[in-house]
> 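I'd like to ask some things about the structure below.
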Amino acid sequence: MTMKLVHIWLLLLVVLLCGKKHLGDRLEKKSFEKAPCPGCSHLTLKVEFSSTVVEYEYIVAFNGYFTAKARNSFISSALKSSAIDNWRIIPRNNPSSDYPSDFEVIQIKEKQKAGLLTLEDHPNIKRVTPQRKVFRSLKYTECANVRVAVFDTGLSEKHPHFKNVKERTNWTNERTLDDGLGHGTFVAGVIASMRECQGFAPDAELHIFRVFTNNQVSYTSWFLDAFNYAILKKIDVLNLSIGGPDFMDHPFVDKVWELTANNVIMVSAIGNDGPLYGTLNNPADQMDVIGVGGIDFEDNIARFSSRGMTTWELPGGYGRVKPDIVTYGAGVRGSGVKGGCRALSGTSVASPVVAGAVTLLVSTVQRRELVNPASMKQALIAAARRLPGVNMFEQGHGKLDLLRAYQILSSYKPQASLSPSYIDLTECPYMWPYCSQPIYYGGMPTIVNVTILNGMGVTGRIVDKPEWQPYLPQNGDSIEVAFSYSSVLWPWSGYLAISISVTKQAASWEGVAQGHVTVTVASPAEVDSNSGAEQTSTVKLPIKVKIIPAPPRSKRVLWDQYHNLRYPPGYFPRDNLRMKNDPLDWNGDHIHTNFRDMYQHLRSMGYFVEVLGSPFTCFDASQYGTLLMVDSEEEYFPEEVAKLRRDVGNGLSLIVFSDWYNTSVMRKVKFYDENTRQWWMPDTGGANIPALNELLSVWNMGFSDGLYEGDFTLANHDMYYASGCSIAKFPEDGIVITQTFKDQGLEVLKQEAAVVENVPILGLYQIPTEGGGRIVLYGDSNCLDDSHRQKDCFWLLDALLQFTSYGVTPPSLSHSGARQRPPSGARSVAPERMEGNHLHRYSKVLEARLGGPEPRALPACPHLSWAKPQPLNETAPSNLWKHQKLLSIDLDKVVLPSFRPNRPQVRPLSPGESGAWDIPGGIMPGRYNQEVGQTIPVFAFLGAMVVLAFFVVQINKAKSRPKRRKPRVKRPQLVQQVHPPKAPSV
């Protein structure tokens, strides 16, 4: 009977083994065999975004949420005293109209704008701002129980790729919910498609918000209503594959803050304006939003992906690190508008990849109450894989790593963290531009803008003050540190600006100095907490800098940032009028944004470049050889003009790169928005020539309002003059270079072609007094600007710096055949400011007064309060990057979830490749190891059972034989020993 049972057991074991093999085949087939996408196309997606003010329409923001009747009552009572009768509330027919709201859209005619001031006086009205119309153009060239909102172009009702579309809502003025463009369908597919090109979280509850028309038009008020509705619906994750440069659209920015404050995790595309720096789009550039950049499948930063830094903080401060992370955004597959799959590229594609990953993470984390916008961003940036050879303004914290993020979230404890988590001014290329130039005594303080992420609560504060603790063995007492920080951390975040300077005792010292900043963040206790005490979290920010002795004056160049203006908020036109598809000057005009290549060149030539973010009255001119003024749009304080004249007389040199200014052309390049029925008029030209001429008048110099363009050769270098001006007057003992150009002003105004000879474009002048400096004028800055540069003039800048720093006049210029007699200015009329311009609205210098704008009172120079050091007699960590961990979580001890065998499909098929789709290794590293780890314990167990069965049979055979007398010996307990050791669970 025993032998029969053993044989039956062995037969069953064989069946199980064979069945396991076939079951494994079926599982493998289910995991990897996907129907290939017929007719897929690989296109590059370019999104262009702009917004304009809607004439006569205003958004009235209230101090709370009120019913429609109450809102109407507030507005009526506010306007009653102003005797305004011709106004109306614009109806908003959408799902949010049945609920209380915190804003209203009203219409007031032009002649009655004075009523706006009356509105703002009402105690329940927070702010009155113009309604904005958002226009986007798309160009194509060669998890369960998680509520996900897709704000885009809609989705058709019966699309075959989606199984859990909870709601579709329309917020536009078109009577349709369907997607007429395919962009919204593609984005939704990357997140939650269930077949063909499968998304990350097919079981997620999709909420489709149609906020763009088929003509790519949207309004701020549409977004505000849709955002309010998303809050009401308790959306968990919101994807915005949109963006634009207008970070001063206050109602929009405020509403994004309110969204995240209500625990909505917002993921947004960083923009497609790369490879230019300073091109981040809003809202991805906000601290509380996860900003996503794009890479290709070889882990290279996509050329189209926008680069940091943020430009909110200019000119006085310095931008923050963005994007937060990068992921695949080139050749990603997603759902077609009517089914099937297609491949697209752009950060609009990278954003839903991260949104899908975030949705998956939210659905798998057990302690759901710990997931919030801050903790999710903390997990993503702590888990990100840093890309080699790429700086932080290109990649943020690195490439998305989904499994590491899950491991961190699974062990997460509410805490504060910093982005970046350390400051190492010696680490290149990641810490560019900080690592590109050492610091020295007497230089402008180096400003690092750190973001504080507070995972403990939506609001928080910094306890007492940050502390500076220098490491004495690492010369930490050679630097001093000052702080500026958010008084309140809301929502979920704040800033910590750190100014670093060299102490006087290290003026002639060279070496590396280290220390760290300690910050304690406190948040109110959780509602269900019994203790009632505040939650606190203390974080350290290691700092490491390279110090050198102060360079000689001749090698130090000061960049004037204070007098550069850009969009937003005003209409500051492009410097190259040929670039009609890019009408706004919005890149910050900073040496680390659109003048990055010029900065890199100057550093390679041994110059030290510092940035002046305050008036001319706030720097010591004796420390610098040259003041570099490029594309200046701002006015000048009278005190600045007087000081600069003294400084040049005492040896400071001045290089001015100007741009076009012509009031007739300015009126011509105004544009009429068909959607808003409003004219946009420039507030100045490419540069503010009238202001520059007043600054230069004491030296008998000035620019004209001529506008010229053309190719030319100077000193055997090919050059291009792009919408530049000419020199109207110059001292007769100076050097002036002329060229022959096309009259671009005549072409713009009358569409006529004309050639003008002997146009003065370059002037060099030595101040005749003893110890006086030198002045250089050039009429075009486009050859230095990365935005639209066609041919650089870095060689010319080198020659000019040789002249200003050392008094060496380049023979190629002094003996040039293009040298002409300097113009006296007798035949030209000085350009005047355009009548009725609104520059005073955006100027730091001018203010509106009766009779016209006048200069404000000169502001006080920035004064830094240096932190009292608390020295540490201990050794600093050697590797600042690896030293930082989020609460020192041991990732190897976190048990991974049992993921379904289906994987999101985010990679296009190569020719001849099978239909088996997979996530590239960077998103889900070790996926093969995970599958092997799940299979090995099963086969090990079954193999052990076979061995066990063999010995059971042998024992039974031995018992059935005739017994023979043998000496008794101790037998090993084979049955116990054949059990394999326990395999680790996965």
Side-chain angles (χ1 to χ4, degrees), residues 552-557 598 601-602 605-607 624-630 647-658 692 696-704 706 708 710-721 724-741 756-784 791-828:
R553 181 183 188 184
S554 59
K555 282 292 186 181
R556 294 176 63 176
V557 177
M598 180 208 70
H601 176 81
L602 291 179
M605 299 301 295
Y607 291 100
Y624 301 93
T626 302
L627 173 64
L628 186 55
M629 302 173 60
V630 180
D647 291 341
V648 172
N650 293 326
L652 177 70
S653 292
L654 181 64
I655 296 179
V656 179
F657 278 76
S658 184
L692 281 173
L696 300 168
S697 61
V698 69
W699 299 294
N700 193 34
M701 300 177 184
F703 292 101
S704 76
Y708 304 97
D711 292 289
F712 66 102
T713 300
L714 183 62
N716 297 321
H717 291 272
D718 292 333
M719 302 276 286
Y720 176 66
Y721 211 67
C725 66
S726 64
I727 298 175
K729 59 180 179 179
F730 206 75
E732 61 180 13
D733 54 341
I735 298 173
V736 170
I737 304 297
T738 65
Q739 292 294 331
T740 299
F741 291 132
V756 183
E757 297 181 348
N758 298 324
V759 178
I761 62 170
L762 175 63
L764 295 84
Y765 181 65
Q766 168 71 59
I767 300 297
T769 58
E770 183 179 356
R774 289 161 283 274
I775 301 176
V776 175
L777 305 185
Y778 188 70
D780 179 30
S781 71
N782 283 281
C783 58
L784 299 177
K791 297 175 183 177
D792 73 69
C793 59
F794 297 153
W795 71 270
L796 177 61
L797 183 58
D798 291 341
L800 300 182
L801 284 170
Q802 284 291 314
F803 173 69
T804 59
S805 299
Y806 305 103
V808 178
T809 304
S812 58
L813 299 179
S814 59
H815 299 90
S816 170
R819 180 175 178 178
Q820 298 288 334
R821 182 186 179 93
S824 64
R827 298 182 180 179
S828 62

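Model, not experiment: these values are computed from the prediction.
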> Hey, what's the ring geometry for Phe741 with Tyr721, parallel, tilted or perpendicular (30° and 60° as the breaks)?
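Taking Tyr721 first and then Phe741, their aromatic rings lie parallel (interplane angle under 30°).
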> Test Arg819 against Ser814 for side-chain contact (heavy atoms from CB on, under 4.5 Å), laying out the working first.
CA-CA 7 Å; Arg819 180 175 178 178; Ser814 59; 4.2 Å; yes
> Measure across Lys791 and Asp718 and return the closest heavy-atom pair with its distance rounded to 0.1 Å.
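That would be CD-O, 4.0 Å.
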> Closest approach of Phe657 and Cys783, non-hydrogen atoms and distance?
CE2-SG, 4.4 Å
> Is the shortest side-chain heavy-atom distance between Pro731 and Met701 below 4.5 Å?
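Contact flag for Pro731/Met701 side chains = yes.
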> Search all heavy atoms of Gly763 against all heavy atoms of Ile727 and return the closest pair with its distance.
N-CD1, 3.5 Å
> Do other residues, nucleotides or ligands put more than 12 heavy atoms under 6.0 Å from Asn716 CG?
no
> So Ile761 and Tyr708, side-chain contact (heavy atoms from CB on, under 4.5 Å) or not? Walk me through it.
CA-CA 10 Å; Ile761 62 170; Tyr708 304 97; over 6 Å; no
> Specify the closest pair of heavy atoms between Ala715 and Ser812, including all atoms of both residues, with the distance to one decimal.
CB-CB, 3.5 Å
> Could you check whether any side-chain heavy atom of Ile775 comes within less than 4.5 Å of a side-chain heavy atom of Ile767, counting everything from C-beta outward?
yes
> Hey, can you pull the donor-acceptor pairs under 3.5 Å for the side chains in residues 797-810, sequence neighbours left out?
unit_1 : atom_1 : unit_2 : atom_2 : d
Asp798 : OD1    : His601 : NE2    : 2.9
Asp798 : OD2    : His601 : NE2    : 2.7
Thr804 : OG1    : Thr626 : OG1    : 2.9
Thr804 : OG1    : Leu800 : O      : 3.2
Thr804 : OG1    : Leu801 : O      : 3.4
Ser805 : OG     : Ser554 : O      : 3.1
Ser805 : OG     : Leu801 : O      : 3.0

> Take Gln739 and Val759 through the test side-chain contact (heavy atoms from CB on, under 4.5 Å) and record every step on the way to the result.
CA-CA 5 Å; Gln739 292 294 331; Val759 178; 5.6 Å; no
> Any idea which heavy atoms bring Val736 and Pro760 closest together, and the distance?
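For Val736 versus Pro760, the nearest heavy atoms are CG1-CB, 3.8 Å.
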> Out of curiosity, Leu777 CG to Ile737 CD1, how far, rounded to the nearest 0.5 Å?
13.0 Å
> Would you name the heavy atoms of Tyr624 and Leu652 that are closest together and state the gap between them?
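For Tyr624 and Leu652, the tightest heavy-atom pair comes out as O-CD1, 3.5 Å.
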> Does any part of the side chain of Asp780, heavy atoms only, come nearer than 4.5 Å to the side chain of Met719, both counted from C-beta?
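The answer is no, as the side chains (C-beta and beyond) never meet within the 4.5 Å cut-off.
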> Looking at Gln766 and Gly772, would you say the former's side chain and the latter's main chain have a donor-acceptor pair under 3.5 Å?
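Side chain of Gln766 to backbone of Gly772: a pair is present.
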> Before you tell me yes or no, could you show the steps for Tyr765 and Val776 under side-chain contact (heavy atoms from CB on, under 4.5 Å), namely the whole-Å CA-CA distance, both residues' side-chain angles and the distance that decides it to 0.1 Å?
CA-CA 6 Å; Tyr765 181 65; Val776 175; over 6 Å; no
> Report yes if some heavy atom in the side chain of Lys729 is under 4.5 Å from a heavy atom in the side chain of Asn700; otherwise report no.
yes
> Could you give the distance from CG (Leu628) to CG (Leu602), rounded to the nearest 0.5 Å?
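Leu628 atom CG to Leu602 atom CG measures 7.5 Å (nearest 0.5 Å).
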> Answer yes or no: is there a side-chain heavy-atom contact under 4.5 Å between Leu762 and Leu796?
yes
> Is any side-chain heavy atom of Leu696 closer than 4.5 Å to one of Phe703?
yes
> So do the side chains of Leu813 and Leu714 get within less than 4.5 Å of each other, counting heavy atoms only?
yes
> For Ser653, does its backbone N or O pair with a side-chain atom of Arg774 as donor and acceptor, under 3.5 Å?
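Answer holds: no.
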> Which label fits Trp795 and His717: parallel for a plane angle under 30°, tilted from 30 to 60°, or perpendicular past 60°?
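Rings of Trp795 and His717: parallel, as their planes differ by under 30°.
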> Should Arg821 and Asn758 count as side-chain neighbours, where that means a heavy-atom distance under 4.5 Å?
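Side-chain contact under 4.5 Å: no.
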